[in-house]
Amino acid sequence: MRKKIIAPSILAADFANLQRDIEMVNDSQAEWFHIDVMDGVFVPNISFGMPVIKAIAKHASKPLDIHLMIVDPDRYIQTFADLGGAILTVHYEACTHLHRTLQAIKDTGMKAGVALNPHTPVSVLEAIISDIDLVCLMSVNPGFGGQKFIPHTYEKVKQLKSLIASNQAHAQIEIDGGVTNLNTAELSAAGADVLVAGSFVFNSKDPKETIVNLLELTEKA
Ligand code: DX5
Ligand code: ZN
């Protein structure tokens with residue numbers, strides 16, 4: 001089985017010690033940085049914007065996986081590419097012309113991701129799955145870290161895996177929200193490739209060790 005990817009969510013880092021927390025991820029077994037951008041319109045919270053991402057990029061030695069929880073994301077695609085984004089994920093629910101948006105992301109050289117809210121069925125991606133590099137299944141309602149995992153996600157992972165296989169598509173499956181040691185093995189077994197973990201990693205005593213533990217659980221799947 002392909003090695004799974006752990007992507008710590010910087011939303012749960014200590015912003016007063018951002019460099020320290022970024023270096024922890026650099027030194028860890030995690031492969032990506034997950035960066036949550038919230039605009040207070042698409043979701044009921046505001047996180048951080050370009051100057052903070054610029055500061056993160058300065059220290060991060062691993063790919064930046066940027067998750068946009070904003071309306072009309074097309075306005076900022078080039079900006080996030082210039083900031084050093086490797087993967088740019090937009091919400092299905094925020095894009096009227098999703099195909100055009102994905103092409104615009106890929107034209108910058110970034111990988112193109114699509115996130116689905118918990119209530120959005122996987123089937124909405126039927127006509128576009130082959131154009132997507134990463135599907136982010138939200139396993140909480142977006143807007144906040146530290147929420148409880150929604151168990152219906154397991155079913156959605158299986159549906160998505162079969163949609164990808166039946167189209168011979170290449171999209172990676174990412175799970176975002178409430179990921180802990182209690183659901184990592186089952187998510188991996190169902191077909192998840194990337195696990196985003198915020199509070200479970202950063203609120204633990206030894207975040208690097210927690211990342212190793214999560215990875216070991218993915219291998220038990
Ligand atoms: C939620 C964000 C998540 C969040 C995950 O809107 O998209 O990436 O930071 O945090 P935890 O792991 O604490 O649920
Ligand atoms: Zn996220």
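One is the number of the first residue; the rest follow in order along the sequence. Indexing begins at 1, ligand by ligand and atom by atom, following the structure's order.
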Q. Once rounded to 10 degrees, what value does the angle at the Zn ion (ligand 2) take between NE2 (H34) and ND1 (H67)?
A. 100°

**Q.** ligand 1 atoms in contact with H67 (distance to a heavy atom under 4.0 Å)
**A.** 7 (O)

Q) Is ligand 1 under 4.0 Å from a heavy atom in the side chain of A12, in the backbone, in both, or in neither? A) neither

Q: Could you list the atoms of ligand 1 found under 4.0 angstrom from a heavy atom of H34?
A: 8 (O)

Q: Please indicate whether K156 has more than 12 foreign heavy atoms, meaning atoms of other residues, nucleotides or ligands, lying under 6.0 Å from its NZ.
A: yes

(Q) We want to know whether H34 and D36 form a side-chain donor-acceptor pair, criterion being a heavy-atom distance below 3.5 angstrom. (A) yes

**Q.** Protein contact of atom 10 (O) of ligand 1 - nearest heavy atom, named by residue and atom, plus distance
**A.** G145 CA, 3.6 Å

Q) Based purely on interatomic distance, does G198 place a nitrogen or oxygen under 3.5 Å from a nitrogen or oxygen of ligand 1? A) yes

Q. Transitively linked via ILVMFWY side-chain contacts under 4.5 Å: W32 with L68?
A. no

Q: Flag D36 as yes when one of its N or O atoms lies below 3.5 Å from any N or O atom of ligand 1, and as no otherwise.
A: yes

Q | pair M138-H67: side-chain heavy atoms closer than 4.5 Å | A | yes

Q. With the Zn ion (ligand 2) at the apex, how many degrees lie between OD1 of D36 and OD2 of D176, rounded to 10 degrees?
A. 170°

(Q) I'd like to know if the side chain of T210 pairs up with that of S204 as donor and acceptor (distance under 3.5 Å, no hydrogens or angles considered). (A) yes

Q: Answer yes or no: is there a donor N or O on one side and an acceptor on the other, between the side chain of E93 and the main chain of N117, under 3.5 Å?
A: yes

Q. If you count the atoms of ligand 1 from 1 in the order shown, which ones are under 4.0 Å from a heavy atom of A197?
A. 12 (O)

Q) Taking atom CZ of R20 as the centre, does the number of heavy atoms from other residues, nucleotides or ligands within less than 6.0 Å exceed 12? A) yes

(Q) Could you identify the single nearest non-hydrogen protein atom to atom 11 (P) of ligand 1 and state the distance to 0.1 Å? (A) G146 N, 3.6 Å

Q. Applying a strict 4.0 Å limit to heavy atoms, is F144 in contact with ligand 1?
A. yes

Q. Strictly under 4.0 Å, does any heavy atom of G178 approach an atom of ligand 1?
A. yes

**Q.** Under 4.0 Å to a heavy atom of P142 - the qualifying atoms of ligand 1, by number
**A.** 6 (O)

Q. Counting N and O atoms only, with roles assigned by atom type, does the side chain of D21 sit under 3.5 Å from a partner on the main chain of D14, one being a donor and the other an acceptor?
A. yes

Q.
Out of all atoms in ligand 1, which are within 4.0 Å of some heavy atom of M38? Include the element for each.
A. 6 (O)

Q. Just wondering, is there an N, O or S atom on C136 that's nearer than 2.8 Å to the Zn ion (ligand 2)?
A. no

Q: Answer yes if the side chains of S130 and N167 hold a donor-acceptor pair under 3.5 Å, and no otherwise.
A: no

Q) Which atom pair, heavy atoms only, marks the closest approach of P73 to C95? A) CG-SG, 3.8 Å

Q: Below 4.0 angstrom from a heavy atom of M138, which ligand 1 atoms are there? Numbered from 1 as shown, please.
A: 7 (O)

Q: Among all protein heavy atoms, pick the one closest to atom 6 (O) of ligand 1 and tell me residue, atom and distance.
A: G143 N, 2.8 Å

Q | Atom pair CD1/CZ of I211 and F200 - distance to nearest 0.5 Å | A | 11.0 Å

Q | Numbered atoms of ligand 1 (with element) below 4.0 Å of M69, judged on heavy atoms | A | 6 (O), 7 (O)

Q | Element-labelled atoms of ligand 1 that are located less than 4.0 Å from some non-hydrogen atom of L11 | A | 9 (O)

Q: Might you confirm whether atom CD of Q172 has over 12 heavy atoms from other residues, nucleotides or ligands at distances under 6.0 Å?
A: yes

**Q.** Protein residue, atom and distance nearest to atom 13 (O) of ligand 1, heavy-atom basis
**A.** S199 OG, 2.5 Å

Q.
Starting from atom 5 (C) of ligand 1, what is the nearest protein heavy atom, named by residue and atom, and what distance separates them?
A. D176 OD1, 3.6 Å

(Q) Taking V37 as the starting point, is it possible to reach F144 by hopping between hydrophobic residues whose side chains are less than 4.5 Å apart? (A) no

